Amino acid sequence: MASPTPCVTRFAPSPTGFLHIGGARTALFNWLYARHHGGIFRLRIEDTDRERSTEAAIAAILQGLDWLGLHHDAEVVHQFARAPRHRAVADELLAAGKAYRCYASAAELDAMRAAQKEAGQPIRYDGRWRDRDPAEAPAGAPFVVRIKAAQTGETIIADQVQGDVRFANAVLDDFVLLRSDGTPTYMLSVVVDDHDMGITHVIRGDDHLTNAARQRQIIDAMGWPVPVYAHLPMLHGEDGAKLSKRHGALGIHEYEALGYLPEAMRNYLLRLGWSHGDDEVISTEQAIAWFNLENVGRSPARVDLKKLESLNAHYMREADDTRLADIVLGLRAQAGETPASEAARAMLIRAMPGLKARARTLTELRESAGFLFAVRPITLEPKADALLNPTARERLGALRDTLASSDWNAESLEAAVRAFVEREGIKLGDIAQPLRAALTGRMTSPPVFDVLAVLGPEEALARIDDRRLPSE
RNA sequence: GCGCCCUUCGUCUAUCGGUUAGGACUCCAGAUUUUCAAUCUGGCAAGAGGGGUUCGACUCCCCUAGGGCGCGCCA
């Protein structure tokens with residue numbers, strides 16, 4: 001039963017860099033909240049910082065969200081394009097006497113702050129133009145527009161995660177709404193955009209918690225409805241240090257390159273700060289059904305690649321073989337390998353069940369699938385080479401014709417080899433390992449019989465011939 | 001400096017006054033196996049410190065310590 005006024009959430013990154021894991025989680029929670037309630041998830045690019053915003057960053061953010069599968073509803077809002085509207089709101093506030101012009105120069109304000117710091121005073125705008133007669137304004141001098149914020153009483157943010165957070169209005173100052181060049185500040189733009197976009201729930205990082213109190217001043221001055229707030233604890237790097245561009249934080253696209261599946265990333269991100277009892281493996285469908293704000297934790301969390309990897313291994317095992325095969329093929333193409341034939345692709349798909357059970361990331365999967373594409377004589381890993389001693393080679397030679405006369409499927413091949421082992425009075429491992437080495441060049445691979453079957457008689461026998469010593 | 005937020009195993013977390021403080025990842029051991037994984041079994045490992053409130057605190061309150069965020073004509 002859809003609510004008559006569905007909730008509207010938004011993810012509002014500033015395109016000054018790539019989408020990092022913290023932003024990705026914020027986006028996920030907003031998306032999940034909207035999906036859970038049958039609401040709308042919107043995207044807004046906060047590009048009002050003309051100096052630092054780049055098209056490349058916007059593209060990276062869009063691409064990152066797309067990869068994660070967090071598709072937004074309605075059109076993307078570019079904040080800078082809405083500057084005239086933001087300005088109009090500032091003018092409205094000015095006309096209503098809820099904002100005022102401040103003619104203090106940057107140098108003057110710097111001096112003010114320095115003096116406050118010196119005196120051990122709180123650092124904030126002192127309201128020097130708040131009640132001054134506009135007539136005193138220096139003619140033609142540049143000015144900024146500041147909000148006339150409440151000075152007494154308190155502002156309470158009823159945060160869904162942090163609880164009621166109270167701020168004495170005395171600690172809030174008259175922040176800038178419009179810069180001297182007439183452009184709106186972030187504080188104004190956010191409030192106006194959230195209002196105009198019909199945002200009902202503001203779910204964002206808790207670095208914005210104190211901003212919420214400031215933004216509330218504008219909301220109240222305009223008489224607009226107050227959105228529901230939920231401030232999420234920050235994420236930290238593995239070393240516990242702050243997660244930022246300059247502390248080695250990876251862009252979400254880099255996790256993709258590292259070989260993680262988007263569904264694994266979603267599950268991992270979900271558990272970073274949100275819980276549902278003891279549940280760990282949570283599908284996206286389940287997440288949508290379960291997600292809520294009540295179970296968001298209040299403390300910051302560290303990123304742990306090991307856990308992501310473990311989840312990734314789980315999702316890979318569940319993933320469709322054809323999908324994984326095509327991902328591997330894509331990775332090989334990226335690495336400059338020659339395109340695989342349709343036959344090779346089919347072979348890869350057939351080998352996938354054995355391959356995916358052994359890999360934790362897509363990159364590992366690509367590596368372990370390498371033997372399928374190797375050209376004879378295949379390269380041997382040192383250990384595999386060492387294993388293929390004369391004895392092992394002779395055994396391969398003895399086994400060769402037994403295999404050649406067997407039906408070519410894993411079951412028959414296994415039966416043939418077991419019979420061979422029986423006859424020779426050796427252990428299965430004595431022949432299985434050399435066979436693996438000859439076939440794959442490695443010490444580990446999917447079950448050898450599957451490898452034989454997948455490779456096909458011609459290629460498999462040829463690889464054995466490359467290593468065998470004639471048996472007497 | 002001022003304000004706000006946070007604090008359970010190494011990490012992510014459960015617990016909503018009464019539990020031998022549970023689960024997951026990591027690590028270790030064992031079982032299984034042609035290898036490696038997977039799987040199964042078992043193990044190591046936690047309430048920052050100090051005061052209260054209470055018959056009883058991880059849980060509620062206060063203080064301290066530590067960490068984070070904000071205090072910009074950045075977002």
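Naming: A, B, ... by sequence-line order, numbering from 1 per chain. This is a predicted model, so every value here is computed, not measured.
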Collect all protein-nucleotide pairs involving nucleotides 40-45 of chain B in which both atoms are nitrogen or oxygen and the distance is under 3.5 Å.
none

Mind checking ring pair (Phe, Tyr, Trp, His ring centres under 6.0 Å) for His314(A) and listing every partner two or more places apart, or none if nothing turns up?
-> none

Whole-Å distance separating the CZ atom of Arg101(A) from the C1' atom of C73(B) = 15 Å

May I have the distance from His236(A) (atom NE2) to G68(B) (atom C1'), rounded to whole angstrom?
-> 6 Å

Side-chain donor or acceptor of Arg124(A) under 3.5 Å from a matching atom on the base of C71(B)?
-> no

Using whole Å, report how far CG of Asn312(A) lies from C1' of C12(B).
-> 17 Å

Is Arg323(A) paired with Glu263(A) through a side-chain N to carboxylate O contact shorter than 4.0 Å?
-> yes

Which nucleotide, G1(B), U39(B), U7(B), lies nearest any side-chain atom of Arg317(A)?
-> U39(B)

Pairwise C1' distance for C27(B) and A45(B), with rounding to whole Å | 10 Å

Between Met443(A) and Gly297(A), which is nearer to the 5' end of RNA chain B once each is assigned its nearest nucleotide?
-> Gly297(A)

For the side chain of Glu280(A), counting heavy atoms from C-beta on, which of A75(B), G23(B), C73(B) is nearest?
-> G23(B)

Start at the 5' end of RNA chain B and walk down; is the nucleotide closest to Ala357(A) or to Val161(A) reached first?
-> Val161(A)

Integer-rounded Å distance: G70(B) P and Tyr125(A) OH | 23 Å

Under 4.0 angstrom, heavy atoms only, what part of the nucleic acid is Leu272(A) near: base, sugar-phosphate, or nothing?
-> sugar-phosphate

Consider only side-chain N and O atoms of Thr183(A) and Arg179(A), and report whether a donor and an acceptor are under 3.5 Å apart.
-> yes

Passing candidate, side chain to side chain donor-acceptor pair (under 3.5 Å) with Thr155(A), options Arg214(A), Gln217(A), Arg166(A), Gln215(A) | Gln217(A)

Ser445(A) near the nucleic acid: base, sugar-phosphate alone, or nothing, with a heavy-atom cut-off under 4.0 Å?
-> base

The ring pair (Phe, Tyr, Trp, His ring centres under 6.0 Å) partner of Phe143(A) among Tyr100(A), Tyr103(A), Trp129(A) is Tyr103(A)

Of all pairs that satisfy salt bridge (charged side-chain N to carboxylate O under 4.0 Å, His left out), the ones with a partner from residues 185-196 of chain A, not counting sequence neighbours | Arg10(A)-Asp194(A), Arg44(A)-Asp193(A), Arg44(A)-Asp194(A), Arg82(A)-Asp193(A), Arg82(A)-Asp196(A), Arg85(A)-Asp196(A)

Just the atom pairs and distances: protein N or O near nucleotides 18-22 of chain B's N or O, under 3.5 Å.
from: G22(B); atom 1: N2; to: Asp278(A); atom 2: OD1; distance (Å): 2.8

Could you tell me whether Gly354(A) contacts a base, only the sugar-phosphate backbone, or nothing, with contacts defined as non-hydrogen atoms closer than 4.0 Å?
-> nothing

Please state how far atom CZ in Arg271(A) lies from atom P in U11(B), giving the value in whole angstrom units.
-> 15 Å

Might you list the N or O atoms of the protein lying below 3.5 Å from N or O atoms in nucleotides 31-34 of chain B, with each pair's distance?
from: U34(B); atom 1: OP1; to: Arg418(A); atom 2: NH2; distance (Å): 3.4
from: U34(B); atom 1: O2; to: Arg436(A); atom 2: NH2; distance (Å): 2.5

Quick one: ring pair (Phe, Tyr, Trp, His ring centres under 6.0 Å) partners of Phe29(A), sequence neighbours excluded?
-> Phe291(A)

Is there a donor on the side chain of Asn211(A) or the base of A75(B) sitting less than 3.5 Å from an acceptor on the other?
-> yes

What is the nucleic acid contact for Thr48(A), judged by heavy atoms within less than 4.0 Å: base, sugar-phosphate only, or nothing?
-> sugar-phosphate

Using a heavy-atom cut-off of under 4.0 Å over every strand shown, decide if Arg442(A) touches base, sugar-phosphate, or nothing.
-> nothing

Base, sugar-phosphate alone, or nothing: which one does His208(A) contact when heavy atoms must sit under 4.0 Å apart?
-> base

Scan for salt bridge (charged side-chain N to carboxylate O under 4.0 Å, His left out) pairs involving residues 415-430 of chain A, sequence neighbours excluded, and state none if there are none.
-> Glu414(A)-Arg418(A)

What's the CG-P distance between Leu311(A) and U13(B), to the nearest Å?
-> 14 Å

With sugar-phosphate meaning primed atoms plus P, OP1 and OP2, does Asp47(A) contact a base, only sugar-phosphate, or nothing at under 4.0 Å between heavy atoms?
-> nothing

Examine distances only and state if a side-chain atom of Ser53(A) and a backbone atom of Asp49(A) form a donor-acceptor pair shorter than 3.5 Å.
-> yes

Whole-Å distance, Gln121(A) CD to C2(B) P, equals 10 Å

The salt bridge (Lys or Arg N to Asp or Glu O under 4.0 Å) partners of Glu55(A) (sequence neighbours excluded) come to none

Lys/Arg-Asp/Glu bridge criterion (N-O < 4.0 Å) met for Asp466(A), Arg463(A) = no

Whole angstrom is fine here: how far is it from CG in Leu177(A) over to C1' in A75(B)?
-> 15 Å

State which residues pass ring pair (Phe, Tyr, Trp, His ring centres under 6.0 Å) with His231(A); sequence neighbours excluded, sorted by chain then number.
-> Tyr229(A)

Using a heavy-atom cut-off of under 4.0 Å over every strand shown, decide if Val176(A) touches base, sugar-phosphate, or nothing.
-> sugar-phosphate

Residue pair Asp206(A) / Met234(A), side-chain heavy-atom distance below 4.5 Å | yes

Would you kindly check whether a donor in the side chain of Arg298(A) faces an acceptor in the base of C5(B), or vice versa, at under 3.5 angstrom?
-> no

Using atom types as modelled, flag every donor-acceptor pair under 3.5 Å from a side chain in residues 269-276 of chain A to any protein atom, sequence neighbours excluded.
from: Arg271(A); atom 1: NE; to: Asp279(A); atom 2: O; distance (Å): 3.3
from: Arg271(A); atom 1: NE; to: Glu280(A); atom 2: OE1; distance (Å): 3.2
from: Arg271(A); atom 1: NH1; to: Trp274(A); atom 2: O; distance (Å): 2.9
from: Arg271(A); atom 1: NH2; to: Glu280(A); atom 2: OE2; distance (Å): 3.2
from: Trp274(A); atom 1: NE1; to: Asn292(A); atom 2: O; distance (Å): 3.1
from: Trp274(A); atom 1: NE1; to: Asn292(A); atom 2: OD1; distance (Å): 3.0
from: His276(A); atom 1: ND1; to: Asp279(A); atom 2: OD2; distance (Å): 2.7

Rounded to the nearest 0.5 Å, how far apart are CZ of Arg266(A) and CG of Leu311(A)?
-> 12.0 Å

Using the 3.5 Å cut-off, write out each protein N or O paired with an N or O of nucleotides 25-27 of chain B and the distance between them.
from: C25(B); atom 1: O2'; to: Lys307(A); atom 2: N; distance (Å): 3.4
from: U26(B); atom 1: OP1; to: Arg360(A); atom 2: NH2; distance (Å): 2.8

Keeping to residues at least two apart or across chains, list the salt bridge (charged side-chain N to carboxylate O under 4.0 Å, His left out) pairs with something in residues 167-178 of chain A.
-> Arg130(A)-Asp174(A)

